[in-house]
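The next block holds one structure in the form of structure tokens; read it before the comments.
Just so you know, these numbers come straight off a predicted model, no measurement behind them. Side chains are part of it too, since the values below use all heavy atoms of this structure and drop only hydrogens, waters and symmetry mates. Whatever order the structure lists them in is the order used to number ligands and atoms, beginning at 1.
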Amino acid sequence: MATGNRVDLDGRPIKPITICMIGAGGFIGSHLCEKLLLETPHKILALDVYNDKIKHLLEPASLPWADRIQFHRLNIKHDSRLEGLIKMADLTINLAAICTPADYNTRPLDTIYSNFIDALPVVKYCSENNKRLIHFSTCEVYGKTIGSFLPKDSPLRQDPAYYILKEDTSPCIFGPIEKQRWSYACAKQLIERLIYAEGAENGLEFTIVRPFNWIGPRMDFIPGIDGPSEGVPRVLACFSNALLRSEPLKLVDGGQSQRSFVYIKDAIEAVLLMIENPHRANGHIFNVGNPYNEVTVKQLAEMMTKVYSEVSGEPALEAPTVDVSSKEFYGEGYDDSDKRVPDMTIINRQLGWNPKTSLWDLLESTLTYQHKTYAEAVKKTIAKPTSS
Ligand code: NAD
């Protein structure tokens, strides 16, 4: 619960602030709201089009933090209230985005507008009103690793110098324009450059966060249960959906891409440190990930199958995975990053943050949540006779 005598990393008392959180109703926003309300005295102006994932924090009005969170249902694309809300706050955190890979090549215009154009007024209002901004970018801005261009059998591929992603030295390597998958990464890169330039030319106080595959409860939706039946969420929810339905997990192009996954609750600790230590976080771009939880997507599928069988008590399928081509799964214009391992030097040095949770443990708590939340509802939809 909120305490009055909290101190920052340098021992100075932390003053309560008001935070304008855009995209507060999403996966990361819901965890950040929870953390701020339960463990700090800060106030939140929560902005989003939806609030299903934070309903438990908004109602009933008798909740102990009721006077510290206000929900504003608005679309930042066209709402004149935005500037006023940013002005009312000490800090703005922008999480709003289209950020599901299935959209990048199939809805590239919406993706670019959402990740670049719609973020512009937020940056402008923060800069003009001298308000601090924490902006959520992505590890996708690194694109492909240098090592991915080496011959397949080159021993240099194992050399970290060719794959570790560093905020201040790694290049951003995207595929050709016709591979529209890169629309998201490119839009995020340009907004990062704009924010950086606002800092350099106009003194904007900013922090940029590059999340590396944060996962946990409340991520995305289960198609046909709390989202569209035809919708394609990110990998955690895609695999959870298959496990809940006892269907094989689809591995795009053999599931050979490598990712490092970090537990949402670990990552949120890093964001809280940024919020409460502005003098250490301002002007920095931070990788936030867990380099020790690196697996191929195929290994992730195998581990999720084992963990789900353990938490649900249901036997795993004999053939738990099936291969699909990226064209079949994502459509024309798909492409992928080969490997994403964050360098942790800057976040260690500035904020002393390190992730704690192993992949097995984070999958255990996440799949326990998925099973408890969705198993009954999925069973009912499977049992329903289909109308002819
Ligand atoms: P999310 O989709 O769960 O949350 C985004 C929220 O923004 C949603 O609730 C959505 O309704 C809201 N939103 C979108 N457009 C809006 C608009 N025009 N007006 C008002 N609200 C709007 O996604 P998330 O996983 O919580 O990601 C948050 C941020 O972090 C995004 O910028 C994303 O690109 C970035 N990110 C996340 C990850 C991850 O691992 N989860 C990885 C890389 C980057």
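- Under 4.0 Å from any atom of ligand 1, one finds heavy atoms of residues Gly23, Gly25, Gly26, Phe27, Ile28, Asp48, Val49, Tyr50, Leu74, Asn75, Ile76, Leu95, Ala96, Ala97, Cys99, Phe136, Ser137, Thr138, Tyr184, Lys188, Pro211, Asn213, Trp214, Met219, Arg234.
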Please list every donor-acceptor pair under 3.5 Å in which a side-chain atom of residues 81-93 meets a protein atom from a residue at least two apart or in another chain.
{"residue": "Arg81", "atom": "NE", "partner": "Asp79", "partner atom": "OD1", "Å": "3.0"}
{"residue": "Arg81", "atom": "NH2", "partner": "Arg73", "partner atom": "O", "Å": "3.0"}
{"residue": "Arg81", "atom": "NH2", "partner": "Asp79", "partner atom": "OD2", "Å": "2.9"}
{"residue": "Glu83", "atom": "OE2", "partner": "Asn129", "partner atom": "ND2", "Å": "3.3"}
{"residue": "Asp90", "atom": "OD2", "partner": "Thr18", "partner atom": "N", "Å": "2.7"}

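- In terms of heavy atoms, Cys139 sits closest to Asn213 at SG-OD1, 4.3 Å.
- The list of ring pair (Phe, Tyr, Trp, His ring centres under 6.0 Å) pairs with a residue in residues 359-381, not counting sequence neighbours, reads Tyr308-His371.
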Per-pair distances, 0.1 Å, donor-acceptor, side chain in residues 278-287, under 3.5 Å, sequence neighbours excluded:
{"residue": "His279", "atom": "ND1", "partner": "Arg12", "partner atom": "NH2", "Å": "3.2"}
{"residue": "His279", "atom": "NE2", "partner": "Asp10", "partner atom": "OD2", "Å": "2.7"}
{"residue": "His279", "atom": "NE2", "partner": "Arg12", "partner atom": "NH2", "Å": "2.4"}
{"residue": "Arg280", "atom": "NE", "partner": "Asp10", "partner atom": "OD2", "Å": "3.0"}
{"residue": "Arg280", "atom": "NH1", "partner": "Gln350", "partner atom": "O", "Å": "2.9"}
{"residue": "Arg280", "atom": "NH2", "partner": "Asp10", "partner atom": "OD1", "Å": "2.7"}
{"residue": "Asn282", "atom": "OD1", "partner": "Arg132", "partner atom": "NE", "Å": "2.8"}
{"residue": "Asn282", "atom": "ND2", "partner": "Glu205", "partner atom": "OE1", "Å": "3.3"}
{"residue": "Asn282", "atom": "ND2", "partner": "Pro278", "partner atom": "O", "Å": "3.4"}
{"residue": "His284", "atom": "NE2", "partner": "Gln350", "partner atom": "NE2", "Å": "3.3"}
{"residue": "Asn287", "atom": "OD1", "partner": "Tyr142", "partner atom": "OH", "Å": "2.7"}
{"residue": "Asn287", "atom": "ND2", "partner": "Leu165", "partner atom": "O", "Å": "2.9"}
{"residue": "Asn287", "atom": "ND2", "partner": "Asp343", "partner atom": "O", "Å": "3.1"}

Evaluate the side chain to side chain donor-acceptor pair (under 3.5 Å) criterion for residues Asp103 and Thr111: first the C-alpha distance (whole Å), next the side-chain angles of each, then the deciding distance (0.1 Å), finally the verdict.
CA-CA 7 Å; Asp103 290 319; Thr111 302; 6.0 Å; no

With side chain to side chain donor-acceptor pair (under 3.5 Å) as the test, would you mind laying out the steps for Tyr104 and Arg181 before giving the verdict?
CA-CA 5 Å; Tyr104 306 162; Arg181 149 65 185 249; over 6 Å; no

